[in-house]
Structure formats: C-alpha cells, structure tokens
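The structure presented is a predicted model; accordingly, all values stated were derived computationally and were not measured. Letters A, B, ... mirror the listed sequences (proteins, then strands); counts begin at 1.
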Number of protein chains: 2
Amino acid sequence: MAKYVYMFSEGTAEMRNLLGGKGANLAEMTNLGLPIPKGFTVTTEACTNYYDTGKQISDEIKEQISAALSKLEDLCGKKFGDPVDPLLVSVRSGARASMPGMMDTILNLGLNDVSVESFAKKTNNPRFAYDSYRRFIQMFSDVVMEMSKTFFENILTEEKEAKGVKYDYELTAEDLKEVIGKYKAIYKEKMGQDFPQDPTVQLMEAIKAVFRSWDNPRAIVYRRMNDIPGDWGTAVNVQQMVFGNMGETSGTGVAFTRNPATGENGIFGEYLINAQGEDVVAGIRTPQPITKLAQDLPQCYDQFMKIAHKLEDHYRDMQDMEFTIQEGQLYFLQTRNGKRTAQAALSIACDLVDEGKITPEEAVLRIEAKSLDQLLHPTFSAEALKNGKKIGSALPASPGAAAGKVVFNAEDAKAAKAAGDRCVLVRLETSPEDIEGMSAAQGVLTVRGGMTSHAAVVARGMGTCCVSGCTEIKINEEEKWFDLGGEHIKEGDYISLDGSTGNIYLGDLKTAPANIGGDFARIMNWADQFRTMQVRTNADTPRDAAQAVKLGAQGIGLCRTEHMFFEPERIHHMRKMILSETVEAREAALNELLPYQKGDFKAMYEVLEGRPMTIRLLDPPLHEFLPKEEEDIEALAKDMGETVEQVKAKCAELHEFNPMMGHRGCRLDVTFPEIARMQTRAIIEAAIEVNNEKGYRIVPEIMVPLVGEKKELKFVKDIIVETANKVKEEKGADIRWHVGTMIEIPRAALLANEIAEEAHFFSFGTNDLTQMTFGFSRDDAGKFLDSYYKNKIYESDPFARLDQNGVGKLVGMAVKLGRSTKPALKLGICGEHGGDPSTIDFCQRVGLNYVSCSPFRVPIARLAAAQAALNNK
Amino acid sequence: MAKYVYMFSEGTAEMRNLLGGKGANLAEMTNLGLPIPKGFTVTTEACTNYYDTGKQISDEIKEQISAALSKLEDLCGKKFGDPVDPLLVSVRSGARASMPGMMDTILNLGLNDVSVESFAKKTNNPRFAYDSYRRFIQMFSDVVMEMSKTFFENILTEEKEAKGVKYDYELTAEDLKEVIGKYKAIYKEKMGQDFPQDPTVQLMEAIKAVFRSWDNPRAIVYRRMNDIPGDWGTAVNVQQMVFGNMGETSGTGVAFTRNPATGENGIFGEYLINAQGEDVVAGIRTPQPITKLAQDLPQCYDQFMKIAHKLEDHYRDMQDMEFTIQEGQLYFLQTRNGKRTAQAALSIACDLVDEGKITPEEAVLRIEAKSLDQLLHPTFSAEALKNGKKIGSALPASPGAAAGKVVFNAEDAKAAKAAGDRCVLVRLETSPEDIEGMSAAQGVLTVRGGMTSHAAVVARGMGTCCVSGCTEIKINEEEKWFDLGGEHIKEGDYISLDGSTGNIYLGDLKTAPANIGGDFARIMNWADQFRTMQVRTNADTPRDAAQAVKLGAQGIGLCRTEHMFFEPERIHHMRKMILSETVEAREAALNELLPYQKGDFKAMYEVLEGRPMTIRLLDPPLHEFLPKEEEDIEALAKDMGETVEQVKAKCAELHEFNPMMGHRGCRLDVTFPEIARMQTRAIIEAAIEVNNEKGYRIVPEIMVPLVGEKKELKFVKDIIVETANKVKEEKGADIRWHVGTMIEIPRAALLANEIAEEAHFFSFGTNDLTQMTFGFSRDDAGKFLDSYYKNKIYESDPFARLDQNGVGKLVGMAVKLGRSTKPALKLGICGEHGGDPSTIDFCQRVGLNYVSCSPFRVPIARLAAAQAALNNK
C-alpha cells in the first residue's frame, strides 16, 4: 500500500519531490529539534492520484489523512472540533518548486459554532476568536467553495458603516458575531446548505481545494514561465495553528540570513508585534526591522538568531524564514533557500565559497543561469518603476531597460540618434529594412510578432531592449501616433520599456547601466573550467560579433548571410540577380555583390581574431528580397530596362503558398549554383586576405542550409570545393576549409548516417526542425497555441524551449547516426534554443560539441553548460 | 579480384542484375545451344565503377575486356583490325530493366581504312563494306564523340544531290568512298584529331559511351517514369556482327510468340529480306509478315519456329525476339519477355495457367499492376491518335480519354451537360467550387498544378480524365479562349485529352469505352485470394464510394468531410460559422450544417452496405472556405448584419503565412470544440439511423487529423466520446465507435507509442508526412524539383512514390512504436501513395493492415497487394 501521508517527523529535506519544498523543510526542521508547530504532509502523489481518479480523494488516502489527524491530536493534546480546547490547523500548498502566491491556503480550520465559543474562553479573547472564525468562513467560502469574495466584503463594509468605524480591528466581538451570522446566511443562500460544522469535512474539502489550486490559471501561467512540469502536483501541509496576534508578547515576521537584493551577509528581515501574516501584507502597520526584536523580546531574538544561523549552516545556503511568536514562544513556520537578485546570487555564492561552506562547483550550480540576463542589460531602479505609469504589457522579447522619445520609422530613429536624442522605435512589425533604425534606438516596441519574430530575434542579437506583440496598441504609423492604456502618444512623447518584464511605461524612466562585477567574472571563470561544451554565438555583423567575444563567445556558430544584402546599395543588385532570366545576368549581378560580401566576411574575421566562424549560405526564399513599394519597383524596372508591369509580374511569379516549405536554403544553390559560387569565393578570399594580413590560420566553415538528402549536400559541396580550390589556386594560398550542414529537416535527421558521409560538421537548426517536426510554423502557431496551453496540451513554447520528447528524439537519432558514420563529427546547435538552459542540459546529455546563441545569451550559455557538465558527470 | 567481364557462355538468365537483361538472355540462349553470335558482356558493376571513379574505366576492367576480346577472336577465328578478315562487333547497352531506345548502340565497330578494304574483298560486296564503314563513322561520331548528326547528314544529302539520286541505297561504292573521305575530314576539323583507326581504342571509347548513355536526359526521365533506380547502371554487350543485308538469302526481323496487343496465341512478327535493323525502322520498305518467311526461306522459318517455341517454353512467358539471317544462316540477337498491352497481359497470363505452364500465383505476379489503369478508362484507338493533331502535352494526372467542346468554367460545363453535349473543362487551376463542373465534363485540362493538385486529386477520385500543369497554355478565362501549340482555341471548339499520356489533341477524337473482360475478373479473383492486406478507398461522395465498391473496395479508408461544405446552400453557413465571434453564434451556424452532414454520411453508409468507413474530421484551414468574390462578401456581410469592411477585415485576420503549417486539422477542434461536437453528432446519428433502417451493424471510425501529441488526441477524443455517448443515450441505440488518428506529422510518428494509448487505429497520411519530412510543400516544390531530377538528387516524385528511405523510416518507426503499445493496433495508409504498387509493397513489408486509394486505383491496389504478399512470403 502506497504511503500518501507523512507526519513531519517522518520526512527529510531530501524528500522534496514527494513532500514538496515546504513539507520537506518542515520535516527537516522538526528532526533538527527546532520549534515547529506539529503537523503532517499529504504527498504530491496524492495530488496526482486526485487528478488521475477524476478529481476525487480515494478512500485509501482519506483513511491515511484521518490516521495522521489522530496522531496530530495526540501530539498536540487537543481534539479536532473539541468543545473545550479545539485543535485548529492551517492547510497550505507546497510544491516541489516554489510557486509563491500561486496556490491556495486556508487558516483557522477546525472552528465552528461550538468550538469558537470554547476558543474564546480558552484564549480569554472573544474578539480574537470571533475574528478568527469570520476569517475562516470567508477564506473557506472563497477558496474551497469558490464563492465571490464580494459577498463577504460587502457585509463587512456594511457592518463598519453601521458601527461608524473605519478599520476591521475597530469592530468588537459582538459586531463580529453579527458578521458571522450574516456570513453564514449568505453562504446558505448561495450554496444551498449550511456552512459545514464538522471539522473533518472542512479538512477534506480544504485539501481538495489546495489540490485543485495546482491547476488554476495563474499557476499554469507561472509554471510555463518557470519551466515547471504540469504533472508534478502539489503537496498539502496540515499544521497546528499558532497565533501571532495574541497580544504584545506575540508577533510574526519574515527574515533572510543574507540580504536578498545585494547578497550582504547578515540577518535581514522585519516583523510586527501582535499581528498575523495577512496584517503584514495589508500594509496598515509598518513592520519593524528584525534588530528591533532584540529590544522587544530579547530571549526570542537570541533564539531566533541562533536558529537562523543553524539553518543557514545546515542548508549551506541563504535562508528565507517565516516565524510566529505566540505569547513569548517562538515558532518557525517555514524555511527555504531564499529567492535573490542575480547580483546577490553571485555575491552569496562567492562568499559561501570563501567561507569554506560550499565548493566552486556548488557555487556554479547555485546560480540560475537565466538570471544573468539581469546583469547584462540596463535596468530601471525600483524607484523609477514606482514613479512610472504602466500603460501596457506585452512579450519580454529582448531584455534591458530603455527610455526615449517615440519615433515611428527607421529613418526617424537614425535622425534622432544623429541629433543626440534617445528614442524608442514603435512599429506595427519590423522588417529587415528597419535594422539600422533598430540599432539607433534605445528600444523597440512592436504591435505584432512573438518571441521569435524578426524584431525579437534581431533585438536580442543586438542586445537592444524589445517588447513585442503588444496587440492592444492602436497605431497609425503614417500620422505618427498610437493609443495604449487610455493614453494617446505622439511622436516625440517619452515612453519607457522594460524588456525583461514586457512592461510599457509612460514617461522617461531613469535607467541604470549593466553591472558586471568581480563576482560575475569569478563565477564565469569557474564555469569555463567545468564545462565541456564550447559556447559560440549567432552573429551577422562585426558589432554583434565583438559584443559576443567580449561576453566570452569562442567563435561564431551561425553567421547568416542574408541580412548582409539589405543595405540600400546592395539590395538593388540582389533584386536584379533575383529577377534575372539568364545565368549570365545573374552572375553579373552577383559579381556586383561579391565585394560587399567579401568585405563583410573580412570585417567579421578581424573581430574574431582567429576564432572559428560557421557561415551559412543564403537561406530565405528570394521573394523576401523583392521590393514592395511602388517607387522601388519603378527604380528597379528602369534599371533593368523593363516595364513596371513586367517587374511586377516576375515578382508575382515568385509568390509561394508556404514560403517556409518553399524554394529556399540549399534549394537555391541547386537551381542557381552561381549563388553558392559567389558566396564561397567571398568567404575564401576574405579568409585568405585576413590570414595574410594578420597571420591567423582561419579554416572557414561553410554551412549548407536545409539539406534533406546526401546527394543534395554533395551537389552543393562539389560547387563549394571546386570554387574554393579555384580561389586557392588563383591566390596561391595555403588554406583549408570545412563544409557542413544544418540538420533542420526531419529527413536529414532520419538519414544523418548518409548525410554525415559528406559533412565535416552538423549544426542543429532547431527552429526549423521544431516547425517541421510539429508541423506548425512559428508565424502561424500564435493563433492556436494559447488554446493548447489553456488545455494543458503543451506546457511550454516549443520555439523557446526544445521539445526534448519529440524534436529531441530526432536530434538524438541524428547524433547517433552521424557519429556512427564519422565518430569525430563536430556537432552543435544554432537555433534559438541554443541559449536556453534546459536545452543546453539536453545538448550536454546527447553529446554535442558546442552550443551557439545570440551574443547576450553567451554568459547564460557558459554557465548553463557548466551546470549541465556537472549535473551529468 | 572482382569479375567485370563474362563471356556469353559464362552467364545464365538468373544473372540479370549483373549482366543486364539482354546479356543474361544472350548467355542463357548460348547455353541452350541456340545460334547466337559470339560475344561477351561487361557488367553493370563495371558501369557503377565507371561512375564511382570519376567516369573512368579502371585498368583492371580494361584488362578484363582485352582478355575477353582475345577469347572472342579465338571463338570467331577472326582478329580485331585484321587486314584480311577483320572481326567486327556491335556494342549495345543492356540494363537490368528494359529501357527500349533510351541508351546507345554502336554497330560495325572494328572497321578502319585498312579493314574496310579486306571486308569489301571478303564479302565480295564493296558497296556493302563502304556503307558499313560510313554508318560506323557516323554512329561513332554521334554517340561516342557527341558530334552533331547534322554534319554527316548534310554531307550525305549533298552527295545524293551531286549524284542526282534520291535514296541512300542508290549511292555506289565509289560515292560512299567519297562520303567517307568527307566524314573523316569533318571529324578531324571538329575533333582536332583523326578518326581513330585502332579498333581497341574504338571499343574502349564505345563502351564508355554506352556507360555514359545510362545518364542521358531521356534515360533519366524514363527511369523516373518507370521507377528504375539511378544506381543500377547498364551492362555492355560486345558481340560479333552478323549482317542481314548481304543479299536475298539474308534478312532481319522481330517477332513475338503471342500477339502483344491482344494476347492471342501464335507467332506474330515481321521481317525484311536483305536489310539491317535500321532499314526496318526507316520505314522505306514495308516488312513482310513472318509467315511469308516460310515461302522465302523455308528452312530458316522452320528453325525459327522451333526455337521460338523452345524459348517461350523455356522462359514460360511470351517472348519478343530479334533475329538476323546472314546468307541463309539464322541468328538470334535477342530474346526477352515481350511488352504487351494490359489486355494482352491478362489474356496471356490466363492462357498460360490454362496451358499448365504457370501457376495462378505466377499469373498474378506477371501483370504490371499499374497497367490495369488502361482497362478501367476509355481509350483512344491507335487510329484516332494517328488522325488527331497533337498540340501539347502535360502531366497525365488522371487516366482515360476524353473529347468534347471546350468550356472555361464550371457553370458552362454543367450547361453543356444539360444540353447533352460532351465538354472538356479548361481552367487556370480548379478550386473546390469547380467540382460539379468537373463532374459534368468528360475531361479536365489545367494550366497550373501538379500530379497532386486539386484538379488531379479530384479527377482521379471521380475517374474523370485530367491533364494538369500545361504551363505552355496562354489562357484568358474571361474571354474564353486559349492558345497552345500554335492553335487558337475558343469556347465550343473540340479538343481531346489523353489522361494516360498527358497528350492534348485538336479535334474530336473517337474514344473506346473501358473493357473489363473475363480475364480481368479471373486475375483479380486470384489476387484477392493471395493478398493479406485489405484494400479500401478514399471517397467523399456516394458516387465515388459506389464506383469504388464496384471495383472491389472493402470500405472507405478516408472520407474527407471538407468537400461536403462547398455546395452553395452550405458554404454560406460554413462562412458564418467561421466568422462568428462567440461560441453561441458558431454553434448556431453549425446546427444549420448538421442536417447536411448527417445526410451525407447516411448516403455514404447506404452505398457501403455495412462496409467500414473512416471519417476524418474537418482538416483544412478555415480561410479556405472564405469568399473571394465581392458579391459573396456582400451577401455574407448583409446576412451577418455587418459592413463589407468588417467582413473583409475578419477574413484578412485569418490569413496565414504558411497555411500548410497553420491553424488546421485537430487544431481547429482544440480551439473550437463545437466543430468536433457537430461532426461527431452527424456521424453517430447517421450510423444509428442507417443501422436501424437497414439492419447493418456499422461501427463508425472517426479519425482525428494532424495530431502531434497524445494529449492533443486525448482532448479531441474526449469531446468525441462525450458527444457520441450523449447521442447514443438520446437515441437509446446500441452502437460502438472507434476513434483513431492520422499519422501525418513527424512528431506523431516519433511518439507513436504514446499516441497509440489513445488511438484505436492509425492511418498514415503520407501526403503531409512527406511534406513535413522533406520540408517542402507540394504546391511550392514545382519550382525546384525539376533541378533536383536533372541533377539526380531525387529520382522520383516523393508525392507519387513513397520515399521509403526517409519517410518510410518514420512510417516503420511508427508501426513498431504503435504496436509496442497496442499489438492489435489497426494500421493503414490513406495518402496518395496508397495506390502506388511500390509503396504497397512497402506497406506489406512494414506490416500495415490495409491500403486506401482513389476509387479507380482500387484494382491496381488489389493486384499490387497480392503481388506484395507473394513477393514477401
């Protein structure tokens, strides 16, 4: 028979998966002999059992709960529902991972019409007793019965008005009795039955409610944001109530063993005398700093300090503790490893190493890799945020803080920068033509587009703050205004964006620059020692490449060549090339592009100072480069000696039904080998020249995209090798090169053993691989993915976090098959997933050589790679 | 050391893979003691070696050829290049599968300036000798050196003009000597060297040329059309020349042991006295029937007849033989199983069974499954085709022959039919709105679209002749005319389409109806006994379903429900449903559709008479149903009480970047569960009513499309089951149902073990699975697939023939994984591939329970399934 209920004395800190974080720590503290109110934990397995059996608590579990309750009564020397000295309990959620405030809690359970009387007598405090019962009825009705709070708030407000008082605490015991009567009446009216008087019924219903709260909408959203699986479930802790509101020798408080904002060593916390937790939250009274306790209740203070240090030493990490003092008696209600800012996390980890409490390996494992983002970008101070008026919120597409004057197009952004102004670019959506404007702006706000839209991807690459997909905006780009959150904002008005939260503020909020202190460098240095995977970056411009190198990138894993064609003097030749009808005309246009490409590659190689670079041949469908504006079409027609109609007709011919599955990637090189020839020439000539100038020994890595078949790769590779050999001969240079491919089409993964015969390396293009494996496109999935999250079909965005189950299976197959052909095959990942810690862990397990991510994610990837190496040793 | 060259005496008929069909049969006949000119075969492995080593014949192979040549000289008692009695040889291709006329041949090899003189003396026929040399130079220059034939034809024409004669044979030996001089001069001018005099050089170059001809463009196209792999290579047969043009006791001919057009038993053939093969082809003289040989050369005739019967008995099949008589001596140059019409194939196979020569199993294996198509559709007679003027050719999208007046839209087609006229519908492309018109027409011709375009798929389903993708057409649908092949064709003009060849003719060609004789039934009956897979059909209308049942379908494997919504009174409700903004409004519109759907399903069930039917829930993206015409939009707006602008805006919102990877399939049911509810209700109510009316025990099979995740299937299945149970209860009926899914997304195949937990059956939707696995869409791949065929990257259309290597790997995985969860899981295929014999063989090997294909492919599938069962026993 499975054990679904554990007394606190039966658990340990290691049983977190079964007992939840809170339950495991309560057990651990109980066993350390600390002053913990007695209680028991209903396990997470009971919760999953509840869901599996159609939201029922099985008889078996009910029996175990009853048995534990009997034990608890014995331990406390009190009886549930006792008319003289009743046992009262709290019922609290507690999942494996902390989900603060997401799930439900019920306090004062066990009170009923009879026991409230004895409780009043026993405590000699009728007002306190009736207030407890009132609160319990309200909480039970809300949480367990899902009645609207408004009914109860209205009754309370009416009572205060009737008695001519302002605050709840001004109501007398008699007033509260009246309130209780009205509460029970409205309960009966709405629920069709009396408020339950049997404490056992109250308890079972409360436990069910906590189980149910695991799946409330805000918990689902929180889990998705924090990568917490939906099938973990929550445990439920049933614990004897202690009261901090029983007079001047009672109180309640919260404290950290170190400062959670800065990491400074020293107890940091606050408390309130004669109060319960919710009074602290209500904010009517101002809490005291914890040091004041030494004066108020010196014995309790000493005991508290001793226990706090003991807990930190025991857990070897900064602790976040909740405590209550009932009539001079100190109780710990909770301890857990405290949440902290990224800066504090680094500082605490380094201090603990210096104090000899943890090893550098443990220090590295302690830092949440994703949190480093906070350190790499400007931020708003808490004060600035307090003063700013939030007018909306959308997707946190690229982290950082930005404030400036609103502009509505790239030209205006460039002009603002030239004039020395800070600006924020607001667009319906961005396109490759906006890149310069995005680079000139402090931040970018778009109406359309998700986390992997053009704006988001480019902004992350640049390290520019971006909030995307703010569909509530009503915008008129022509007239240069937009409406949001009831505000009408014109060009030149100030707004501020928080790219880490997605919030949008009115006005010019003050930003603080990125702060990469010594602790950061220490941790990263340890991480670099422990990790076994290389970390490269995805960068298409020297600026991005330089940024990434500064952040520790060991090379470029993906240099896309298409963005290079969008500058005004280039796009024109590109368009001519695309609309050419003969090989000769195409080659002529490509020849015009060659010097630009070569120049780009030289600049990249120079920035990299000999580090490797994987360059991907042209990938997007050609129609993406075609003009849409009438004047551009006219200019092109004139230059090509054709009519506007002819040019338009040719453009129309290039239309595709499903561009994502169309004429792109290496398919372009198969139909137009001259494109691969030009690009290869540019790459090899650039490498030779930089080698000669700087004395490097660059081995260019040329990557063929969208391969699905060995013969396809061989066809393009033959063109590359032939061209490269020709250049080598022309220049009399000593140069080598590698030719590899993206694995981004399911067929390529399935036949990786064959494809490896022709490849020096594989780079997993998990963006496209995810699209093809799921059969939905990033651009279109927005229309239905919300329904999928809501219905718990998918729990996380497969474009942000690799679907290890499905897409990962293909990746794993490809790794095995590829290495079966070439044991030394170099393997990496260059999709958006390359900077996601959980994906990096997967990459480590599956045996990749490197991950590649956008420049500002490089430190995250370095740390996550170290953690993956340590966790998978 | 590998053996690359075999003397004829060293081979057998079983060595076809190594020696090619011709080589193996020459060896077999040699060993049977038949009169065969001596020779040897260079193997297909030598050919693949030639390609693998960069188009070189290795030294090892050259040595083996030289050794075989020496043996041949000994056998013939003549020397290569001998100045007195030179050995002359033919060099012919011969692949594993017959590829008539696709590759190259060189005759009279061994002649040079010296040996031609001795050959003239030896044969005592200088004209014959010089003509042979002339022909050899011309053939060698053309085939081996790739010189244009025009140079030589011009010289010959000039010579004839100079001598005032009309035919080649009127030129004298002296004339031919002059011609030879000029031939050699032009050869030297163009090639920069003398015509090779060394017969060994001639031979090696000729062998290389034959190897090379394996990869000429017409051979590549032929292989693609006939599913012949590109890596087989061709063998080369080097054989002593015999001459049928050495006087009145010489001759040459071709004969079959049975009539290849009708199958009638009896030698059928023709011959020419004093002629070579090419004279027969030239058509200047009319060949004699073979029976005439009995009078001309009775001894040869008797010998021929004896050998012909011996060969048929030996090979136990109808033989196609080539023979030459040189001065009264009969030689067989070739025998092979003769090509025949489908009608003849059936007749011959049945006759051979009746004659006790083969078993029914062998008879079933003898019929090419694809060829049955010829029997199921009307055809043009050879005479009709001779009189018709061919004006163009495109894709043979749906077989059959059609002739009628041209119409340009569906309305006109319906009107023509109503008026009793035959018509051919010509469209830029068809859309679902054209279905009625397509059904009213004899045939359909489209300008755009491939073998799996809307027109093609629908026409095949209907059994209507269709030629698609005729991009050469210039069409104006408004003005009702099109131009093709220099003809201007207006509405009402007659054209004729051959859907089996893709040819388009001017005028009203006479068609002959389909002819399914007794032999057909006999063979199909045997096939049904031998096959282990079921054969179902893809049908959406009672008409198609009835047709399929008549052709032997055992049920419906795929009933698409979307076509049902396009009829005028329905599309309106459909559009209202799509544009509704509330669940209530959507449900109201769905309620209007319910009676139609139910009626459709009832009609289908009635036609099926209790046979099973798999119904797929709504699949396409909703925007496919939206109005495009202004007047339709206006009508809809009016009915919905909205402005035209509002309706247009809503339509625009439904736009998708990649509709194939968008909001479709079960994603519609996840976002709008009411759609699944309506469809389930229609299905279950229909089944219950038909069961009650007819006494069937129908178990509806409801198929959820586009599933990629178990939870997704479970979500939709829960809706289906809940609705079905509700209907069952309402009707008090005793009914069961099965819920299954399409496996058409790679992720579904990868996680088939999980998905099987929720599925009664899997149906492989290999159309979409191919798209996703290759990462290209059917609609867009046309732009680059031709380059892929040309460059031998892909050899066949993966949408017509399943890519067993890649997509097949996924299918195989899904079968294994699915059965690992549910050993009895029912598995089928319902993609376009379900009617393709090679795919059916794959389905048998991988263990599917059934295949499903369009109605007119059902007999093909039945036969192919029998063959697959026999071949994989």
Checklist line | Largest heavy-atom contact set with chain A, pairs under 4.5 Å, which of Gly782(B), Ala748(B), Ala781(B), Ser787(B) | finding: Ser787(B)
Next item on the list: Give a yes or no on whether the backbone of Glu656(B) and the side-chain of Asp780(A) come within a donor-acceptor separation of less than 3.5 Å.
Entry: no
Next item on the list: Please state whether the side chain, the backbone, both or neither of Phe715(B) comes within less than 4.5 Å of a heavy atom of chain A.
Entry: side chain
Notebook entry, point to check: Quick one: what part of Glu744(A) sits under 4.5 Å from any heavy atom of chain B, side chain, backbone, both or neither?
Noted result: neither
Note to self: If I compare all heavy atoms of Leu750(B) with all of Gly806(A), which pair ends up nearest, and what's the gap?
What the structure shows: CD1-O, 3.6 Å
Check: Looking at Thr773(B), Thr671(B), Ile745(B), which one has more heavy-atom pairs under 4.5 Å with chain A than the rest?
Finding: Thr773(B)
Next item on the list: Examine whether an atom of Leu654(A) lies under 4.5 Å from a heavy atom of chain B, and if so say whether it belongs to the side chain, the backbone or both; otherwise answer neither.
Entry: backbone
Notebook entry, point to check: How about Val670(B) and Phe784(A): do any of their side-chain heavy atoms sit closer than 4.5 Å?
Noted result: no
Next item on the list: Could you walk me through whether Tyr794(B) and Glu712(A) pass the side-chain contact (heavy atoms from CB on, under 4.5 Å) test, one step at a time?
Entry: CA-CA 8 Å; Tyr794(B) 294 126; Glu712(A) 189 180 30; 4.2 Å; yes
Check: Any idea which of Asp803(A), Val807(A), Asp768(A) has the most non-hydrogen atom pairs under 4.5 angstrom with chain B?
Finding: Asp803(A)
Checklist line | Donor-acceptor contact present, side-chain Asn658(A) to main-chain Met660(B), <3.5 Å | finding: yes
Margin query: If you apply the rule side-chain contact (heavy atoms from CB on, under 4.5 Å), what do you find for Asn805(A) with Arg747(B), and how did you get there?
Written below: CA-CA 9 Å; Asn805(A) 203 15; Arg747(B) 196 174 189 275; 4.1 Å; yes
Next item on the list: Look at atom NZ of Lys792(A) and say whether more than 12 heavy atoms of other residues, nucleotides or ligands are closer to it than 6.0 Å.
Entry: yes
Notebook entry, point to check: Pro621(A), Gly708(A), Gly665(A), Ser777(A): which one forms the most heavy-atom pairs within less than 4.5 Å of chain B?
Noted result: Ser777(A)
Item checked: Structural part of Asp786(A) lying under 4.5 Å from a heavy atom of chain B -> neither
Item checked: Contact leader toward chain A among Met772(B), Arg667(B), Lys783(B), where contacts are heavy-atom pairs under 4.5 Å -> Arg667(B)
